[in-house]
Amino acid sequence: MPPAPSDLPRIDRVLRTPDERFAGLRGFSYPPRYLEVGGLRIACIDEGPRDAAPVLLMHGEPTWGYLYRKMIPPLLATGHRVVVPDLVGFGRSDKPARAADYSYARHVAWMCAWLQAADLCRITLFCQDWGSLIGLRMATACEDRFDRIALANGGLPTGTAPVPRAFHLWRAFARHSPWFPIGRIVRAGCAQGLDDAAVAAYDAPFPTAAHRVAARVFPGLVPIRPDDPERAANEAAWGVLKRWEKPFITLFGNRDPITRGGDRVFQQAVPGASGQAHASVRGAGHFLQEDRGEELAQRLHDFIGANP
């Protein structure tokens with residue numbers, strides 16, 4: 001069962017990015033909505049008809065809801081309700097200032113509590129990168145709230161499988177590099193490039209090194225060893241996925257060196273993946289929402305339509 005909000009840890013020192021940092025972002029004028037969970041303010045975009053089933057778009061590391069700006073308009077145009085939260089430590093959500101305040105388990109707890117507070121049901125989950133490490137845990141902890149899952153460039157590691165060299169390099173860079181330019185890091189993960197305005201938008205939530213603590217910490221929280229503290233919880237989530245008969249689709253970029261090939265694991269293990277229109281998204285890197293956002297929105301819409 002997901003934790004109750006009253007069970008969440010209280011954080012002593014919390015930063016909040018000034019609103020003016022988000023003013024005038026091109027193509028991203030959606031007003032944030034806020035819910036307080038465990039003493040932290042979590043931001044989300046919630047657009048579209050209130051009576052429509054929500055499409056929940058979960059971002060990863062080191063991005064924020066801005067990542068979905070190319071997918072939101074076509075999804076809204078086809079009648080969907082679109083909900084895009086910022087993870088704790090990212091975007092317009094509150095940012096605990098100490099590295100010790102972050103753990104994988106806490107992020108799952110925070111977002112499960114947010115989900116209950118938002119009272120979302122009939123959800124189609126689209127998740128990528130850390131959005132999948134957290135989102136798949138949310139879906140398997142709150143099965144009755146989710147109708148479908150679309151997984152893009154993500155996974156649910158237990159620490160028992162080999163890890164690509166590219167990830168080891170990224171983890172070392174996040175831990176040791178004195179220079180951590182988030183916008184440029186996102187640009188490096190895009191196969192089709194990223195203009196300077198978008199780079200600046202990815203930098204916007206992180207005006208100081210203290211605001212970037214979560215982005216620095218996240219790579220080190222990925223389970224890559226069998227003795228990882230979250231191995232058991234992820235194996236339990238896999239147990240749910242291996243009997244998951246609701247629709248499940250994989251949409252992986254063909255130019256992502258970190259997650260390439262991971263889609264086949266889910267296609268073979270998840271019953272609901274059988275017969276779905278899985279796709280290798282051509283010309284898409286790790287941040288495929290940037291490279292092929294409009295195409296992903298169409299594929300997601302088609303997936304929902306084919307599995308009412």
Side-chain angles (χ1 to χ4, degrees), residues 1-3 5 7-9 11 35 37-38 40-45 54-65 67-68 83-96 101-118 120 123-143 145-146 148-159 167 171 174 205 213-224 228-241 244 248 250 258-259 262 266 270 286-287 289:
M1 291 292 293
D7 295 332
L8 294 170
I11 306 299
L35 285 173
V37 171
L40 297 174
R41 192 179 75 167
I42 295 179
C44 80
I45 293 164
V55 178
L56 176 61
L57 307 178
M58 295 285 293
H59 76 84
E61 146 80 1
T63 61
W64 59 289
L67 177 68
Y68 286 102
V83 180
V84 190
D86 290 334
L87 297 176
V88 172
F90 297 85
R92 290 180 277 208
S93 290
D94 282 350
K95 300 170 179 65
D101 289 329
Y102 293 96
S103 72
Y104 188 172
R106 281 187 176 183
H107 271 279
V108 173
W110 283 324
M111 295 314 294
C112 283
W114 169 84
L115 181 66
Q116 293 178 80
L120 299 179
I123 300 167
T124 297
L125 170 66
F126 181 97
C127 53
Q128 179 259 347
D129 189 86
W130 261 98
S132 65
L133 273 75
I134 296 170
L136 293 176
R137 289 272 295 271
M138 293 165 64
T140 53
C142 308
E143 292 180 70
R145 293 184 179 272
F146 289 82
R148 307 167 198 83
I149 296 175
L151 174 64
N153 286 6
L156 189 63
T158 60
F167 180 77
R171 197 178 200 188
V213 168
R216 286 275 200 177
V217 167
F218 258 47
L221 300 181
V222 176
I224 64 170
D228 189 277
E230 288 304 294
R231 175 183 176 178
N234 276 10
E235 287 180 340
W238 266 111
V240 176
L241 290 174
W244 184 278
F248 190 109
T250 58
I258 294 177
T259 65
F266 288 88
V270 181
H286 185 65
F287 299 108
Q289 302 95 322

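Note that the numbering runs from 1 along the sequence shown for the chain.
The CG atom of Leu120 lies 8.0 Å from the SG atom of Cys44; values are rounded to the nearest 0.5 Å. Lys95 NZ to Arg41 CZ: the interatomic distance, rounded to the nearest 0.5 Å, is 9.0 Å. Going from atom OG of Ser103 over to atom CG of Leu221 covers 7.0 Å, rounded to the nearest 0.5 Å. Here CZ of Arg145 is found 14.0 Å from CG of Leu125. Values are rounded to the nearest 0.5 Å.
Residues passing the side chain to side chain donor-acceptor pair (under 3.5 Å) test with Thr250, sequence neighbours excluded: Gln267, His278. The side chain to side chain contact (heavy atoms under 4.5 Å, CB included) test applied to Leu35 returns Trp114, Ala117, Ala118, not counting sequence neighbours. Shown here are the side chain to side chain contact (heavy atoms under 4.5 Å, CB included) partners of Asp101, two or more places apart in sequence or in another chain: Ile11, Pro96, Arg98, Arg106.
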Go through the steps to decide whether Tyr68 and Ile45 satisfy the test side-chain contact (heavy atoms from CB on, under 4.5 Å), and finish with yes or no.
CA-CA 10 Å; Tyr68 286 102; Ile45 293 164; over 6 Å; no
Could you walk me through whether Val88 and Ile42 satisfy the side-chain contact (heavy atoms from CB on, under 4.5 Å) test, starting with their C-alpha distance in whole Å, then the side-chain angles of each, then the deciding distance to 0.1 Å, before giving a yes or no?
CA-CA 7 Å; Val88 172; Ile42 295 179; 3.9 Å; yes
Can you list the steps and then say if Tyr102 with His107 is a ring-ring contact (aromatic ring centres under 6.0 Å, His included)?
CA-CA 7 Å; Tyr102 293 96; His107 271 279; 5.6 Å; yes
May I have the step-by-step check of side chain to side chain donor-acceptor pair (under 3.5 Å) for Asp129 and His59, ending in yes or no?
CA-CA 7 Å; Asp129 189 86; His59 76 84; over 6 Å; no
Verify side-chain contact (heavy atoms from CB on, under 4.5 Å) between Thr63 and Phe287, making sure each step is shown before the conclusion.
CA-CA 9 Å; Thr63 61; Phe287 299 108; 3.5 Å; yes
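Contact detail for Ala214 and Phe90: the closest heavy-atom pair is CB-CE1, 3.7 Å. Minimum heavy-atom separation, Gly154 to Phe266: O-CE1, 4.3 Å. Of all heavy-atom pairs between Ser132 and Gly155, the closest is OG-N, 2.9 Å. In plain terms, the two heavy atoms of Leu133 and Leu156 that are nearest each other are O-CD1, 3.9 Å. Scanning all heavy atoms of the two residues, the minimum distance from Glu61 to Ala215 falls at OE2-O, 2.6 Å.
Within the 4.5 Å cutoff, the side chain of Phe248 has heavy atoms near those of the Leu241 side chain. Taking 4.5 Å as the limit, every side-chain heavy atom of Trp110 sits out of range of all side-chain heavy atoms of Ile134. Counting heavy atoms from C-beta on, the side chains of Leu87 and Met58 come closer than 4.5 Å. The shortest side-chain heavy-atom distance between Pro85 and Met111 falls under the 4.5 Å cut-off. Residues Trp64 and Val84 fail the side-chain proximity criterion, which asks for heavy atoms closer than 4.5 Å. Side-chain contact check for Val222 versus Trp130: some heavy-atom pair is nearer than 4.5 Å. Counting heavy atoms from C-beta outward, Gln289 and Gln128 have side chains that approach closer than 4.5 Å. Proximity of Pro223 to Arg231: side-chain heavy atoms (C-beta onward) are nowhere separated by under 4.5 Å.
Ring centroids of Phe146 and Trp244 are separated by 6.0 Å or more, keeping the two rings apart.
In this structure a side-chain-to-backbone donor-acceptor pair under 3.5 Å is missing from Arg92 to Ala43. In this structure, Asn153 contributes its side chain and Thr259 its backbone to no donor-acceptor pair below 3.5 Å. Checking side-chain atoms of Thr158 against main-chain N and O of Glu235 turns up no donor-acceptor pair under 3.5 Å. Using modelled atom types, one side-chain atom of Thr140 and one backbone atom of Leu136 make a donor-acceptor pair closer than 3.5 Å. Of the possible donor and acceptor atoms, one in the side chain of Ser93 sits under 3.5 Å from a partner among the backbone N and O of Asp86.
Relative to the six-membered ring of Tyr104, Arg137 meets both conditions, a distance below 6.0 Å and an angle of at most 45° to the axis.
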